[in-house]
Amino acid sequence: MSATRIVNLLSASSAASFVGQQVLIQGWVRTRRDSKGGFSFLEVNDGSALASLQVIADQKLANYESEILKIGVGACVTVRGTVVESKGQKQAIELSAEEVTVLGSADATYPLQKKGHSLEFLRSIAHLRARTNTFGAVARVRSAMAFAIHDYFRKNGFVYLHTPIITASDCEGAGAMFRVSTLDPEKLPRTPQGSVDFSQDFFSRATSLTVSGQLEAETYALALGKVYTFGPTFRAENSNTSRHLAEFWMVEPEMAFFDLDMNAALAEDFLKTVLRTVLVGCPEDMGFLASRADYPVHETLQHIIESPFERLSYTDAVAILQKSGKKFDYPVAWGQPLQTEHERFLTEQEFKRPVIVTGYPKEFTAFYMRLNEDGKTVRAMDVLVPRIGEIIGGSQREERYDRLVARMQEAGLNTAEYEWYLATRRYGSAPHAGFGLGFERLIQFATGMENIRDVIPFPRYPQHAEF
Ligand code: 4AD
Ligand code: MG
């Protein structure tokens, strides 16, 4: 007899039709209650849904005394039984057990005995936290969102591209990269000048974990038209915030023949579609997560799905912030990057909907962004949403060879190492654009989870690479 998943048993459309049938379920015990009437209740959760199934085990079962009465919270069981209508108020059906087999016991040291552990504590047992309602729901929503993203691009004619994880180029030019090396740190080979001799390293050069798949994606966009990557990226920045991870997943579409306006329109449609898909597709999990947040998550998402995003230039954004009279921790000045507090003011208070800021000063933006006619700003865009601030960063790319080389030199990059990238501008260059979405920030935004460390199974951040 093959196992039935609890999600199928409990779904409104099938619960009644299962009544009277024999089924087998497999899952982990959330609670056990023993009744004086000579039977026990087990709440069994198999991870297929938020809800658990109530199992009734009668004392007549052969192993009732020897095993069932000793089942601890966290134990894994297989139950064969008959689906019956529940006499209780909480559930429509329950399972009247004919056989309960303990596959794996759990004793009183199981850390998830009591309800209501703090998220900080659960982070320290990330190998078990998926067995809680919150982390089960986050995992299912995360998975549904990943599929919704792939669906969106597939329906819109994009090719899904795998870009390298190990790279010799620094896409963002920020230098916040994790080194990849097989050199023995105790015996580093040296050049005659005394610096580390990476020519003796595995790749005969210095390599790192990628911060973005964009540069490689650009070369494929200039061949296939529309591509996207969806993979892990790494940043060795010492940012201890609720919005930064050292390892996170990024979604990066890249489109030939797109200008900045088309790029912004795609970002808006993409965000709205993915949010709508999970709201419709994961009602129980999204409802549960919303119920534990301290603001109305559904109304916020619904509002965002329905509102046109505000578009505004960086220069106008700076003027609005300066006129606002708000005291910010970081002063606002043209030529300085916008901080999260500024971004949040614009989206939460000034416009009360997502804002797409364009035309940032070239000084603090990446080398690949297309220079505007003013010679001072670039065709960059950031999409800002409430609570998170920047959720997407993107730009129209500099497709003109000479300008690109000039900006790379200004940025101090060794253009010889980027010959392959520059070749796309020498042969059949075309206007193109793209953006990067931080996948965890999107999940944070959709679920109302406060800390980005709680929307990825095993978070990596400064001082933390357990598991
Ligand atoms: O703005 P970023 O740095 O842009 C790029 O990497 C471009 N190459 C993307 C592109 O145009 N193809 O990063 C893009 C997004 C940010 O908007 C943010 O959502 C997320 O990635 N992000 C992070 N998420 C979690 N932890 C971090 N440390 C992040 N850094 C960026
Ligand atoms: Mg950015």
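Just so you know, ligand 1 is whichever comes first in the structure, and atom 1 is the first atom listed for that ligand.
Ligand 1 has no nitrogen or oxygen under 3.5 angstrom from a nitrogen or oxygen of Ser395. Residue contacts with ligand 1: Ile452 is placed with no nitrogen or oxygen under 3.5 Å of a nitrogen or oxygen of the ligand (distance criterion only). Among the atoms of Leu245, some N or O lies under 3.5 angstrom from an N or O of ligand 1.
Protein heavy atom in closest approach to atom 19 (O) of ligand 1: Ile391 O, 2.8 Å. Distance from atom 20 (C) of ligand 1 to its nearest protein heavy atom, with residue and atom name: Gly438 CA, 3.6 Å. Counting protein heavy atoms only, atom 4 (O) of ligand 1 is closest to Glu172 OE1, 4.0 Å. Nearest protein neighbour of atom 12 (N) of ligand 1, counting heavy atoms only, is Glu252 OE2, 2.7 Å. Closest protein heavy atom to atom 1 (O) of ligand 1: Glu390 OE2, 3.0 Å. Protein heavy atom nearest atom 11 (O) of ligand 1, with residue, atom name and distance: Arg397 NH2, 2.9 Å. The protein non-hydrogen atom at the shortest distance from atom 18 (C) of ligand 1 is Arg441 NH1, 3.6 Å. Annotation: atom 15 (C) of ligand 1 to nearest protein heavy atom, Gly436 O, 3.5 Å.
Arg379 places none of its side-chain heavy atoms less than 4.5 Å from the side chain of Thr358.
Using a 4.0 angstrom heavy-atom cutoff, Gly394 counts as in contact with ligand 1.
Of the listed residues (Met369, Arg235, Glu254), the one carrying the non-hydrogen atom nearest atom 2 (P) of ligand 1 is Arg235. The option from Phe445, Tyr228, Phe248, Tyr461 that lies nearest to atom 23 (C) of ligand 1, judged by heavy atoms, is Phe248.
The neighbour count for Phe328 CZ, taken as heavy atoms of other residues, nucleotides or ligands under 6.0 Å away, is above 12. Counting non-hydrogen atoms of neighbouring residues, nucleotides and ligands closer than 6.0 angstrom, the NZ atom of Lys272 exceeds 12 such neighbours.
Of all N/O/S atoms in Glu390, OE2 sits nearest the Mg ion (ligand 2).
Under 4.0 Å is where a charged nitrogen must lie from a carboxylate oxygen, and between Asp261 and Arg311 at least one such pair does. For the pair Lys362 and Glu410, the salt-bridge criterion is met [side-chain N within less than 4.0 Å of a carboxylate O]. No salt bridge links Lys352 with Glu310; every basic N to acidic carboxylate O contact stays at or beyond 4.0 Å. Using a 4.0 Å cut-off between charged side-chain N and carboxylate O, Glu399 and Arg397 make no salt bridge.
Neither the backbone nor the side chain of Thr233 has a heavy atom within less than 4.0 Å of ligand 1. Proximity of Tyr368 to ligand 1, defined as any heavy-atom pair under 4.0 Å, is confined to the side chain (atoms from C-beta onward).
Shown in contact with Arg243 at under 4.0 Å from a heavy atom are these atoms of ligand 1, numbered in order with element: 25 (C), 26 (N). Per-residue contacts place Glu237 under 4.0 angstrom from the following atoms of ligand 1 (heavy atoms of the residue considered): 28 (N).
Once rounded to the nearest 0.5 Å, the distance linking CD1 of Ile392 with CG of Leu437 reads 5.0 Å.
When ring centroids are compared, Phe270 and Phe153 come within the 6.0 Å threshold.
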side-chain hydrogen bond (donor to acceptor under 3.5 Å, both in side chains) assessment of Tyr421 paired with Glu218: CA-CA 8 Å; Tyr421 180 68; Glu218 280 185 56; 2.8 Å; yes
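Defined by atom type and a distance below 3.5 Å, a donor-acceptor pair is missing between the side-chain atoms of Thr315 and Ser313.
Looking at Asp201, its side chain does come within 3.5 Å of a backbone N or O of Thr182 through a donor-acceptor pair.
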